[in-house]
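Read the structure below first, then the notes.
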Amino acid sequence: MTQEDLWPRVEALLGRVERPARYIDREWGAVHKPEAGYRAVFVYPDTYEVGQPNQAIAILYDRLNAVADVAAERAYVPWLDMAALMRENGVPLFSLESCKPVCESDLLGITLPHELSYTNVLEALDLTGIPFRSADRDVSHPLVVGGGPCVYNPEPVAPFFDAILIGEGEDAILEIVAVHREAKNAGVSRTEILTRLAEIPGVYVPSLYTETRDGSGAFKGIEPLGNAPAQITKRVVGDLESVAPPVRGVVPFVDVIHDRFSVEILRGCTRGCRFCQAGMVYRPVRERSADTVVREVMSGLACSGYDEASLTSLSTTDHSQIEEILRRLHRRLEGTGVSVSLPSLRVDAFGVEMAHLVSGGGKKSGLTFAPEAGTQRLRDVINKNVTEEDLLGSVERAFAAGWRRVKLYFMIGLPTETDADVQGIGELVTRTFAVARAATPPSARGSIRVAVSVSTFVPKTQTPFQWEAQIPLDEVRRRQAILRDSMPRKGIDLHWHDAQESFLEGVMARGGREIADVIESAWRGGAKFDAWTEQFRLQRWADAFECCGVDPSAIANRQRTEDEPLPWDHISAGVSRKYLLSERARALGTVTTPDCSFGSCTGCDVCGDLGVEVVLGGERRG
């Protein structure tokens, strides 16, 4: 391998592209290990400013760079202008730290953050010069490993990866690198390398599995070849407290999304919202202690110079010690100009109380709540254990305390939804605005704003709703019209999530290996950066589906039977199928299920199957 330093060729292009800082090195906190014998490059399938804040890559980068003789580097997908110039000038995709070709690394790790990033995986591979398909690679190519939130149905992208890690990577990435490095040094064949990787718990090697279909071509299952395990169960870190979060992280030169120092204070959520894939696949709840969180926040701020710290998780105010954490941070940071932010709030008085503690009585930027549905019946169906009284009471307290803006998240198309449920969203927003107005002094009522964001429900794998049909596009438009007519005008900002993007997301979420051909066809037709609304073109995908003979509606808009084989049945997040079916039945019966972290076990089986337990630092406040 040449290990060519590409910087002179890259630098020559930077004056001709927007935001050249996306492609340069030497950010504060970046790690350089030029003499390392093994080089891994982690690629986020989007631009630098979207991918740089990703905490999963930050964790893996930190873990691998702590290993002697191993270097971890980063790469991002170049924006359209830079990609065109790189192709025109024969410059391959390069890592930021060494500016060497990614194709000359030992391991290429690509995270899969959401389904609309799939064409960018191919864009990245094409710029590296690495063949798209694992079957077309040999020992001269780096090992291409996937991971991230989308692996719980890996089949649409399975042919593009040599291996896919199911679950949490803190320990698994060290094992993957150790096995790969030993096998390379021993000079074993590529087939043998993949076989050894498949022996690591949580590692799925797609080439060791094959689809089975019946005589009519209907999907019957995914079967292992040879000694590959029949089911791959996710990796999980049992003791989050024992794994220090990255403190000396990379500080970017340019504005990025979530441009702040972040600490993950807990992992997992057992609220049990039946639509929420993250709530199912990241179980069980494991908290970091208040002492650890405060110490890591103070250390991270000192190392990074940020003036804001974010306490991240799926549900931050559920942390049993959140009040103590915020009070201690408030005392330590008072007078420094440093603020603390919470990415999620509960729809109750406690959430508002915590928001008040964060603001310190000062600037109140706005609150965000997610009631998800407009009627109590539908909130019970989805197991969103909040009431209208919770929401209105919180809004009243918030506006009485000085807040003037609130953002509400809803979905349409949820299972069992009726037109009355859709109209209920508009009615709930009307009542919310009235409560906010009544709690606000007359002189300030002109500044009241209620932002309403509405997305289309997408049934996700490994959830109680994985068998449900997604409503078709014409039905989405009809329900949007109902909602628009029921929504008050004054003081309300109504936004939709693009229904066409949600439709494609639904196809990608529950498709099988046949989708890989569609993704490649769409990329060749010009699809990339599909999560960027201005770049998304549904027609490119329609052409790709037609070219490949795949009916997308049969995937997104078809209800599955409970005994039907599913393309992701060989992947386990630890939550049992029995529990998912039970929760589906309870949903259809409008029966709610409590959060097990506040009381007794609800029988999802994740603790027993994974050998881990709910870990709390104190008693939770419900």
Validation row: [X], [Y] side chains within 4.5 angstrom (heavy atoms):
X      : Y      : answer
Val102 : Pro92  : no
Val250 : Gln52  : yes
Pro159 : Phe132 : no
Thr119 : Trp541 : yes
Glu520 : Leu122 : yes
Phe219 : Pro565 : yes
Arg190 : Ser134 : yes
Arg63  : Val243 : yes

message: Within the supplied structure, the quantity of interest is the number of heavy atoms (other residues, nucleotides, ligands) at a distance under 6.0 Å from Glu613 CD; does it exceed 12?
response: no
Taking only residues two or more places apart in sequence, or in another chain, which ones meet [X] in a salt bridge (charged side-chain N to carboxylate O under 4.0 Å, His left out)?
X      : value
Arg283 : none
Glu35  : none
Arg584 : Glu468, Glu562

Residues that [X] engages under side chain to side chain donor-acceptor pair (under 3.5 Å), provided they are two or more places apart:
X      : value
Asp498 : none
Gln55  : Thr312
Glu583 : Arg274, Thr593
Asn120 : none

Side-chain donor/acceptor of [X] to backbone N/O of [Y], under 3.5 Å:
X      : Y      : answer
Glu223 : Thr212 : no
Arg137 : Pro131 : yes
Tyr579 : Pro464 : no
Thr233 : Ser572 : no
Tyr61  : Val31  : yes
Thr195 : Thr191 : yes
Arg267 : Leu240 : no
Asp162 : Leu143 : no
Thr316 : Leu311 : yes

query: Would Phe529 and Leu80 count as a side chain to side chain contact (heavy atoms under 4.5 Å, CB included) if you check the C-alpha gap in whole Å, the side-chain angles of each, and the deciding distance to 0.1 Å?
result: CA-CA 9 Å; Phe529 290 102; Leu80 306 177; 3.9 Å; yes
field: Phe160-Tyr118 aromatic ring centre distance below 6.0 Å
entry: no
Check ion pair Arg540-Asp530 (N to O, under 4.0 angstrom): no
message: Tell me whether Arg196 is salt-bridged to Glu182, with the criterion being a basic N under 4.0 Å from an acidic carboxylate O.
response: no
Between [atom1] on residue [X] and [atom2] on residue [Y], distance to nearest 0.5 Å:
X      : Y      : atom1 : atom2 : result
Glu296 : Phe261 : CD    : CZ    : 7.0 Å
Leu108 : Phe42  : CG    : CZ    : 9.5 Å
Leu208 : Asn227 : CG    : CG    : 10.0 Å
Gln231 : Ile571 : CD    : CD1   : 8.0 Å
Asp138 : Ser189 : CG    : OG    : 11.5 Å
Thr463 : Ile382 : OG1   : CD1   : 12.0 Å

Does a donor on one side chain and an acceptor on the other come within less than 3.5 Å for [X] and [Y]?
X      : Y      : result
Gln466 : Tyr152 : no
Asp25  : His32  : yes
Thr461 : Asn153 : no
Arg288 : Ser313 : no
Trp523 : Asp126 : no

Side-chain donor-acceptor contacts of residues 109-117 below 3.5 Å, not counting sequence neighbours, with atom names and distances?
residue : atom : partner : partner atom : Å
His114  : ND1  : Leu116  : N            : 3.3
His114  : ND1  : Ser117  : N            : 3.3
Ser117  : OG   : His114  : O            : 2.6

message: Apply side chain to side chain contact (heavy atoms under 4.5 Å, CB included) to residues Leu165 and Val151 and explain how you reach the verdict.
response: CA-CA 7 Å; Leu165 172 63; Val151 300; over 6 Å; no
What pairs of residues pass the salt bridge (charged side-chain N to carboxylate O under 4.0 Å, His left out) test when at least one of them lies in [range], not counting sequence neighbours?
range            : answer
residues 37-48   : Arg39-Glu73
residues 224-251 : Glu175-Arg235
residues 502-519 : Arg133-Asp517, Glu155-Arg513, Arg213-Glu514, Lys460-Glu505

With Tyr23 via ring pair (Phe, Tyr, Trp, His ring centres under 6.0 Å) - residues at least two apart: none
Over all atoms of both residues, closest heavy-atom pair of [X] and [Y]:
X      : Y      : value
Val614 : Cys596 : CG2-SG, 4.5 Å
Asp106 : Lys184 : OD1-NZ, 2.7 Å
Asp605 : Ser576 : OD2-OG, 2.9 Å
Gly511 : Pro567 : O-CB, 3.9 Å
Gly506 : Val458 : CA-CG1, 3.6 Å

task: Could you tell me how the ring of Trp532 sits relative to the ring of Trp79: parallel (under 30°), tilted (30 to 60°) or perpendicular (over 60°)?
output: tilted
query: Can Arg271 and Asp595 be said to form a side chain to side chain contact (heavy atoms under 4.5 Å, CB included), step by step?
result: CA-CA 5 Å; Arg271 287 279 175 181; Asp595 183 337; 3.8 Å; yes
